[in-house]
Asks: 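Take this structure first; my questions come after.
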Amino acid sequence: MINYKEIGLVNTRSMLEKAVTGGYAVPAYNFNNMEQLQAIIQACVETKSPVILQVSSGARKYANQTILRYLAQGAVEYAKELGGNIPIALHLDHGDTFDLCKSCIEMGFSSVMIDGSHHGYEQNIELTAMVVQFAHQHDITVEGELGVLAGVEDDVSAEKSTYTNPSQVEDFVKRTGVDSLAISIGTSHGANKFTPGQCTKNEKGNLVPPPLKFEILQEIEKRLINFPIVLHGSSSVPEKEVMCINKYGGNLDNAIGIPEEQLRKAAALSVSKINIDSDGRLAMTAAIRKVFFESPGQFDPRKYLGPARDSLKQLYIHKNIHVLGSAGKA
Ligand code: G3H
Ligand code: 13P
Ligand code: ZN
C-alpha cells in the first residue's frame, strides 16, 4: 500500500471546500502521457492554481498504472522545482468497480470517482457506499455521480442524458458518505456535445448551444449547502483548435462544446471541480497537425510534441484564469 501523503499528494477535501465557498472551481485535467502532465504542472504553478490530475481507466490501460503513478509523483517534485507549492491530487476518473477503486487507492491515488450512474439508484448507493467505506479508512476522498451524461464514459456509454433529480441528492449523499457529487445538467463527454439542430444562431451566425440547466444546479445547492458539486464533460471545444485541425488535414464535423461563460457561472455557484479532457486533446492534435503540415520532413517527436505541450499549457493557463477562476487560489 502506497500512502499518497508520503509522496506529496493531497486528497480533494480541503481544495474543494475552499472552492465551493470561494466561488471558483478546481481544474481536473486528464492525462496519460508526460507532455500533458508537464503542461498541466507548468500552467498550474504559473497561475498558482490547485489541480486534480485525472486518470481514466482507459488511460491506465494505455500507459500502465505504475508508470502513471510515478509520473504523478514526478509531477509533485517538478512543481516544487518550478518553485510552486500547489496542492496536487491524483484522482481516478470514472472508476466503474470497487476493485478498480481499491487498486488505485493501493497504488497511491489520493481520490477516486466511483461512477455508479449507469446502475439503478439503490445499486448506485450500494456500490458507492462500499467504495467510500474503504477509501475513508485511508483518508481518500470519493466522488459519486447521480444522473447520466450522454457520450462515452470509458467503458460506460449512454445515448441520452438523464438530468440529476434534485430530490435524490440529500439521500444519496447521506447514505453513501461521498465527499463530492457529479451531476448531469446538460454537459456531455467528447467534442460533439450538441447537434446543430439543438443550437440557435446568434447575430454573427455562430451556433449557440442550449444553456446548462442552472435551475437544477440551484435546486441541488439549496438541498446540499456548501457541498462540492462536480461537472464532467466541460470542454468548450475552442473554435480556434477545431479550425486549425481542419485546416491542416483533419476532419471534425459539428464539434460544439460548453460556452466558457456558462462554466464561469457554474464555478461561481457550487460547482467546485470541472473536468476537462477533450479540449486538451484538440489543442495537442491541432499543434501536431500544424507541424506535420508545415514541416513534412520532421520526424523528431520532440519537434511536434514540444509545440503541442506549449499549446496545451496556454490552454490551461487561460482556463485557470478566465474560466474556472482557480488562478491564485493555491
Ligand atoms: O470522461 C472521460 C474522459 O475524457 C476519459 O476518456 O476514457 O478516453 O480516457 P478516456
Ligand atoms: P470533456 O470530454 O468535455 O473534456 O469531459 C471530460 C470529463 O468529463 C472527464 O471525466
Ligand atoms: Zn467525465
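Quick note: residue numbers are just sequence positions, from 1. Read the numbers this way: they start at 1 and go in the same order the structure lists the ligands and their atoms. Nothing here was measured: the structure is a model prediction, and the numbers come from that model.
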Asks: I'd like to know if the side chain of Arg175 and the backbone of Ile125 have a donor-acceptor N/O pair within less than 3.5 Å.
Replies: no

Asks: Nearest to the Zn ion (ligand 3), which N, O or S atom of His232 do we find?
Replies: ND1

Asks: So which heavy atom on Gln36 is nearest to which on Asn32, and how close?
Replies: OE1-N, 2.7 Å

Asks: Got a sec, which pairs hit side-chain hydrogen bond (donor to acceptor under 3.5 Å, both in side chains) with one end in residues 210-220, sequence neighbours left out?
Replies: Glu219-Arg223

Asks: Between the side chains of Arg69 and Gln73, is a donor N or O closer than 3.5 angstrom to an acceptor N or O?
Replies: yes

Asks: With clusters defined by side-chain heavy atoms of hydrophobic residues (ILVMFWY) lying less than 4.5 Å apart, directly or transitively, does Leu269 cluster with Val20?
Replies: no

Asks: Around ligand 2, what residues show up once you keep those with a heavy atom under 4.0 Å from it?
Replies: Asn30, Gln54, Asp93, His94, Ser188, His189, Gly190, Lys193, His232, Gly233, Ser234, Ser235, Asn275, Ile276, Asp277, Ser278

Asks: Using modelled atom types and a 3.5 Å cut-off, is there a donor and acceptor pairing between side-chain atoms of Ser295 and backbone atoms of Gln298?
Replies: no

Asks: Counting heavy atoms only, which part of Asp93 comes closer than 4.0 Å to ligand 1: side chain, backbone, both or neither?
Replies: side chain

Asks: So if I count the atoms of ligand 1 from 1 in the order they appear, which ones are less than 4.0 Å from some heavy atom of His189?
Replies: 1 (O), 2 (C)

Asks: Do any side-chain atoms of residues 38-46 form donor-acceptor pairs under 3.5 angstrom with protein atoms, and if so which ones, sequence neighbours left out?
Replies:
from, atom 1, to, atom 2, distance (Å)
Gln38, OE1, Arg309, NH1, 2.6
Gln42, NE2, Tyr78, OH, 2.8
Glu46, OE2, Lys313, NZ, 2.7

Asks: Report the part of Arg281 in contact with ligand 1, treating N, CA, C, O as backbone and CB onward as side chain, heavy atoms under 4.0 Å; options are side chain, backbone, both, neither.
Replies: side chain

Asks: Can you establish whether the number of heavy atoms outside Gln198 located under 6.0 Å from its atom CD is more than 12?
Replies: yes

Asks: Kindly state each residue pair satisfying salt bridge (Lys or Arg N to Asp or Glu O under 4.0 Å) with at least one member in residues 275-301, sequence neighbours excluded.
Replies: Asp277-Arg281, Asp279-Lys319, Lys290-Glu294, Asp300-Arg302, Asp300-Lys303

Asks: Regarding ligand 1, does His94 bring an N or O atom to under 3.5 Å of one of the ligand's N or O atoms?
Replies: yes

Asks: Is the closest N or O pair between Asp277 and ligand 1 shorter than 3.5 Å?
Replies: yes

Asks: Please name the atom of His94, limited to N, O or S, that comes nearest to the Zn ion (ligand 3).
Replies: NE2

